[in-house]
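Presented below is the structure to which this report refers.
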Amino acid sequence: MEIIHTIEQLQNIRKNINATVGFVPTMGALHNGHISLIKKAREANEIVIVSVFVNPTQFLAGEDLEKYPKKTEADIKICQLCKVDYLFMPLATTMYTQDEVLIKAPLLRSYTLEGERRPGHFDGVLQVVLKLFGLVKPTHAYFGKKDAQQLSLIMQMNENLFLGITIVPCEIIRESDGLALSSRNVYLSDEQRTQALAISKSLNSAGKLIGRGILECDLIQESMQNIMADLEIEYIAFVDRAFNKIDKIILGNTIILIAVKIGSTRLIDNIWI
Ligand code: AMP
């Protein structure tokens, strides 16, 4: 595996690749969720490129940019073990100049839920993903369903800007007790981690209610709220795959999303119905 720090290095390498390129963009502190994306990329592509870059433009003032977990050595080891070909680890000053072309996320899909709570967040996400796509020129790019709204916006950008990349959505990887893996889980104390289990429990219970034929979102939401009674819920939302709000579950075209705050840690999770 080759570790790349500069744009020139990456562009020179990419020039000489004439093969399928699977790309997995990450912010590092790699866990089994990231590893599942890398494995999918490894299975389906001749070349696999992973990026580790904590992108400053997607963090709002007061968010955890400064304290976002960094595990450079472990990340390198994991990528080696997963047989990644190239690991791109740029500095912020390598990725950005003073005065950049800005990307504006589309209104309908980005100004609700995460976009409403974190204004500008998705502008930053799309900006960095587009820049990384321009550098890596992947044939295939892998994103987790864990960040469902992000995935949906990246798919829309790929279509709207005619990028022609195959975007591959990947299943949410969970701990055995149901907690969705996240780099931010390290912020949780033992007690908070136990509290956080209510999130996946409430999503599971929603799935069970739907399995029993209950399709009214109000009813499902009520039961989810009860399960998460001890948590500070930011939202429970019911949307279709294009992120339009829905009142009734549409089988095969619904995502139920949750955002909660536990102490100062914000966690998101969802289930695709
Ligand atoms: P991040 O490093 O948090 O920016 O995440 C990088 C990629 O990994 C994104 O596409 C995430 O959706 C994905 N990801 C993060 N956590 C998980 C998980 N638990 N299961 C599946 N994919 C995940």
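Note that the coordinates shown come from a computational prediction; the quantities given were computed from them, not determined experimentally. First listed ligand is number 1; within each ligand, the first listed atom is number 1.
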Inset, instruction - Specify the protein heavy atom at minimum distance from atom 11 (C) of ligand 1: its residue, its atom name, and the distance to 0.1 Å. - result: D147 OD2, 3.0 Å
Legend entry - With Y68 via ring pair (Phe, Tyr, Trp, His ring centres under 6.0 Å) - residues at least two apart: F59
Inset, instruction - Give a yes/no verdict on whether any heavy atom in E171 is under 4.0 Å from an atom of ligand 1. - result: yes
Inset, instruction - Please report which non-hydrogen protein atom sits nearest to atom 23 (C) of ligand 1, along with the residue it belongs to and the distance in Å to one decimal place. - result: K146 CB, 4.1 Å
Inset, instruction - Give a yes or no answer on whether the side chain of S152 reaches the backbone of A242 with a donor-acceptor pair at less than 3.5 Å. - result: no
Inset, instruction - State the atoms of ligand 1, each with its element, that fall below the 4.0 Å cut-off from a heavy-atom position in F143. - result: 10 (O)
Inset, instruction - Look at the aromatic rings of H140 and Y142 and report parallel, tilted or perpendicular, splitting at 30° and 60°. - result: parallel
Inset, instruction - Please tell me if the side chains of V48 and K83 come closer than 4.5 Å, counting only heavy atoms from C-beta onward. - result: no
Legend entry - ligand 1 contact on L37 by region, counting heavy-atom pairs under 4.0 Å: side chain
Inset, instruction - Report yes or no: is the cationic atom of K104 (NZ for Lys, CZ for Arg) closer than 6.0 Å to the six-membered ring centre of F122, at no more than 45° off its axis? - result: no
Inset, instruction - Say whether K145 and ligand 1 are in contact under the criterion: heavy-atom distance to a ligand atom below 4.0 Å. - result: no
Inset, instruction - Output the list of atoms in ligand 1 that are nearer than 4.0 Å to some heavy atom of L181, sorted by atom number. - result: 16 (N), 17 (C), 18 (C), 19 (N)
Legend entry - Distance-only donor-acceptor check, side chains D218 and Q221, under 3.5 Å: no
Inset, instruction - Measure the distances from the heavy atoms of A29 to every atom of ligand 1 and state whether one is below 4.0 angstrom. - result: no
Inset, instruction - With heavy atoms under 4.0 Å as the rule, classify the contact between P25 and ligand 1 as side chain, backbone, both or neither. - result: backbone
Legend entry - Shortest protein contact, atom 20 (N) of ligand 1 (heavy atom only): I173 N, 2.8 Å
Inset, instruction - Go through ligand 1 atom by atom and flag the ones less than 4.0 Å from a non-hydrogen atom of T26. - result: 2 (O), 6 (C)
Inset, instruction - Could you name each residue pair satisfying salt bridge (charged side-chain N to carboxylate O under 4.0 Å, His left out) that touches residues 219-247, not counting sequence neighbours? - result: E234-R266
Legend entry - Y96 and F53 aromatic ring geometry - parallel, tilted or perpendicular at 30°/60° bounds: tilted
Inset, instruction - Considering heavy atoms of the protein only, find what lies nearest to atom 4 (O) of ligand 1 and give residue, atom and distance to 0.1 Å. - result: M27 CG, 3.5 Å
Inset, instruction - Starting from atom 10 (O) of ligand 1, locate the nearest protein heavy atom and write down its residue, its atom name and how far away it is, to 0.1 Å. - result: G144 N, 2.9 Å
Legend entry - Identity and distance of the protein heavy atom lying nearest atom 15 (C) of ligand 1: H31 CE1, 3.9 Å
Inset, instruction - Using a strict 4.0 Å cut-off to heavy atoms of I172, name the atoms of ligand 1 that fall inside it. - result: 20 (N), 21 (C)
Inset, instruction - Before signing off on this row, confirm whether C170 and ligand 1 have an N or O atom pair separated by under 3.5 Å. - result: no
Inset, instruction - Select one of side chain, backbone, both or neither to describe which atoms of H34 lie under 4.0 Å from any atom of ligand 1, heavy atoms only. - result: side chain
Inset, instruction - State whether the number of non-hydrogen atoms from other residues, nucleotides or ligands found under 6.0 Å of K145 atom NZ is greater than 12. - result: yes
Legend entry - Neighbour count above 12 (heavy atom, 6.0 Å) for L108 CG: no
